[in-house]
Amino acid sequence: MAVKPLHNIWIRRQQCPCGDWKCYIKYDGDDQSTVASQSVKSELSSSSPLSQEVIFTPYVGQIFKSDDEAFEYYNNFARKNGFSIRKARSTESQNLGVYRRDFVCYRSGFNQPRKKANVEHPRDRKSVRCGCDAKLYLTKEIVDGVPQWYISQFSNVHNHELLEDDQVRLLPAYRKIEEADQERILLLSRAGFPVNRIVKRDNDLLELLEACKVAAARDEGFVYNFTTDGNGKVENIAWTYGDAIRAFSLFGDVVTIDTSYRSITYGMILGMWFGIDNHGRPIFFGCTLLQDETPKSFSWALQVFVRFMRGRRPQIVVTDMDSGLRDALAVEMPNTKQIICIWKVLSKMSSWLSVQLGMQYSHFKSEFDMLCHLENVEDFEHQWNHLVAQFGIGSDKHLSLLFSYRTSWPFCYTRNFFLARAMTPEYSKLVETFLKNILSPQSSLKCFFKQVGTAASFGSEKRKELLYLPIKTFLPLEEHARTVLTPFAFSALQQEIVLSLQYATTEMANGSYLVRHYKKMERECLVIWIPDDEQLHCSCKEFEHSGILCRHSLRVLVVKNYFQIPEKYFLLRWRRESSLIPLDDQIIANSNDECSQAFHSLTATLLSESFISKERFDFVHGELTTLLEHVRNMPCYEEHAEQNMALETPIERELHFFSYLAEVAQIGILNI
């Protein structure tokens, strides 16, 4: 049966940040049977770990597990030092088998004259052999029943010139398809990619470059940059759009750099820059394709990004545990705080510890979740030591690496930095959805370029907005905030206002307040109140962290008889006026409390009727859950729906909907 060709050129990077090339990460939803092959084959297409490893000069007595391991080591040493090697003689015995291996410089010995072939014009090739004495001799021995090989002789004295890096690759020993590329070609062949598709990477990159040139000619806001290698082939490329540059001026304070995906077709790393807008959505800032994940490549990408954004740099960059990117950020943006996304950390835990801990893993996971959200640094470090001792994982290399990065991910260390709610699980899911939409199956980089362009255009499609939120407390503070903030920001503030009603205040002699929950469910917070310029400073640091005033500060404002929140606590980035696409003020204005009262009346009736019996409660709960899911999955905008709805006022539309709910509820409950 013919296999349908697959054209999805993107997979997750599964190389573990611990640096061990044999260690990979399995993400939720990955197919178990393909994880190993994908991880090895995808990561091999980047630089070989041995090519990045420091190769020291071999020495007599150096031990290897096998002769193949020794040959690979010597081969890498030779390549880094401008020559190649070959296998010479081997010696064997009946008891030990092969017990000696001789590896020599490719120019060792002299060419022996050969009988010329009986042809009209025989090729007269000159020999490269010149009697070079550089060599490495191995001898095998048995130690405690285990065979091992050691270097018995070594000489690194050559009687010829050694080649430069750009020349050594032309030696016959290295003039071949690398194993990584062979793996990639075989992988893509099995997935249905034709051979001509696999080898046309350079052509596709040139097409992408041409598409960038065309876009720049059509749109003066579009900018791009690229680098080429010594042969003129495209190595790295980056681009962005005028809309993204303008958005950065409003929402460029916190930037997420995602490097989760790589192209298995082109062997390139995908880097995406995102921000979070005042509606809590990810917004596109820029895109890059890099030949590898070295600090050099990331440094180029960061330099280009800063030029794209006209010299402006973010205050915060949220990343994964990517050492190459982190090193580049430290050089290119030394004044920018690096934060590791906690959800990226949690996604790796299962791969790191689930097998090691077995049945204890779920217990560890719950303990670790609590550890992440501790507010005090001393409590965190104490609890960390207790946790690793409790589960016996103090020597685990992954946790050691994670602990070395501790100033960048747990809440107790990051609470003092403004993250604009970019560390919430909801935002992380939206970023992942954005990526999956632009990384849907593609057949070329040109198609990918179009997908990115569509997603990056803020005006390309109408976006789903929650245009109205009902008042819950009827406090003047709440009513005023609803007129200033976007629905997303108001929803977060409203939650704090509701919770503030559960807190008691104790005024101190200096005018500050101790604010605590009435059930003492959490530690009390100190709110410093400076009346002269209406300043509030809470020890919980929520406003500094998210830009949304906390429940403790709000409680103090209520105690002080404030009917409006001071303007300084409505950050510009959360205001409705900062929206990239203006909200429909008419809809918001007309969605008044008449609708809210109708809804509350209906829900009150449903609540009282459903509590009469468990059967009624289960019915109402099931029906409303299904209805809510159905409404959420309905399209936000349809032309014929807009035409029909235009004939009704917003109030009429909502009242008709509530009437429908009431009818459904009445019929369903009364029949139980």
Side-chain angles (χ1 to χ4, degrees), residues 247-256 274-283 285 312-318 335-339 341-343 373 375 408-409 411-428 430-431 465-466 469 475 477-500 515 525-530 533-558 562 564-580 583:
F248 188 85
S249 64
L250 284 171
F251 306 113
D253 45 6
V254 179
V255 171
T256 297
F274 295 102
I276 180 171
D277 71 3
N278 54 347
H279 295 280
R281 295 184 308 246
I283 47 176
F285 284 151
R312 294 169 297 198
R313 291 172 171 80
Q315 300 170 16
I316 301 290
V317 168
V318 180
N335 297 323
T336 296
K337 173 65 178 177
Q338 296 185 46
I339 299 292
C341 179
I342 186 62
W343 307 107
H373 296 93
E375 296 182 1
S408 299
W409 59 270
F411 177 67
C412 61
Y413 281 99
T414 63
R415 61 189 298 205
N416 293 318
F417 299 97
F418 179 68
L419 299 183
R421 305 185 73 83
M423 292 279 275
T424 63
E426 294 80 12
Y427 176 71
S428 294
L430 288 173
V431 168
E465 303 291 356
L466 185 62
L469 284 173
L475 289 173
L477 287 173
E478 183 186 10
E479 293 178 345
H480 174 240
R482 186 173 66 170
T483 65
V484 178
L485 300 175
T486 62
F488 169 78
F490 173 69
S491 177
L493 180 67
Q494 185 181 54
Q495 178 69 8
E496 295 297 313
I497 293 174
V498 171
L499 291 173
S500 72
V515 183
C525 288
L526 174 66
V527 178
I528 298 174
W529 166 248
I530 304 176
D533 50 1
E534 298 180 316
Q535 283 192 45
L536 289 160
H537 301 280
C538 182
S539 59
C540 78
K541 303 291 185 180
E542 178 62 30
F543 182 75
E544 290 82 356
H545 189 66
S546 69
I548 301 295
L549 211 55
C550 67
R551 62 198 70 172
H552 316 105
S553 298
L554 289 165
R555 186 60 184 162
V556 170
L557 288 178
V558 171
Y562 268 72
Q564 291 187 357
I565 296 173
E567 287 292 310
K568 68 175 70 175
Y569 295 108
F570 292 130
L571 296 188
L572 180 62
R573 70 150 14 260
W574 295 133
R575 292 175 179 244
R576 289 174 48 218
E577 64 197 65
S578 299
S579 298
L580 298 170
L583 298 178

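Taking the six-membered ring where tryptophan is involved, the planes of Phe488 and Trp574 are tilted, since the angle between them lies from 30° to 60°.
Looking at heavy atoms from C-beta onward, Leu499 lies in side-chain contact with Gln495 at the 4.5 angstrom threshold. Two residues are said to be in side-chain contact when any heavy atoms from C-beta on lie closer than 4.5 Å; Leu572 and Asn278 fail this criterion. Two residues are said to be in side-chain contact when any heavy atoms from C-beta on lie closer than 4.5 Å; Tyr427 and Phe274 meet this criterion. Between Leu549 and Leu557, the closest side-chain pair of non-hydrogen atoms falls below 4.5 Å.
Between the side chain of Arg421 and the backbone N or O of Gly280 there is no donor-acceptor pair closer than 3.5 Å. No side-chain donor-acceptor contact under 3.5 Å links Ser553 to the backbone of Cys550. With hydrogens and angles disregarded, no donor-acceptor distance shorter than 3.5 Å links the side chain of Ser539 to the backbone of Cys525. For His545 (side chain) and Phe418 (main-chain N/O), no donor-acceptor pair under 3.5 Å exists by modelled atom type.
Here Leu477 contributes atom CG and Ser500 contributes atom OG; the two are 8.0 Å apart, rounded to the nearest 0.5 Å. A distance of 9.0 Å separates NE2 in His279 from OG in Ser578, rounded to the nearest 0.5 Å.
The six-membered or imidazole ring of His480 lies away from that of Tyr562, with a centre-to-centre distance of 6.0 Å or more.
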- [ ] Apply side-chain contact (heavy atoms from CB on, under 4.5 Å) to Phe251 and Leu580, showing your working.
- [x] CA-CA 10 Å; Phe251 306 113; Leu580 298 170; 3.9 Å; yes
Open item on the list: Run Glu478 and Phe490 through side-chain contact (heavy atoms from CB on, under 4.5 Å) and show every step you take.
Closed with: CA-CA 9 Å; Glu478 183 186 10; Phe490 173 69; 3.8 Å; yes
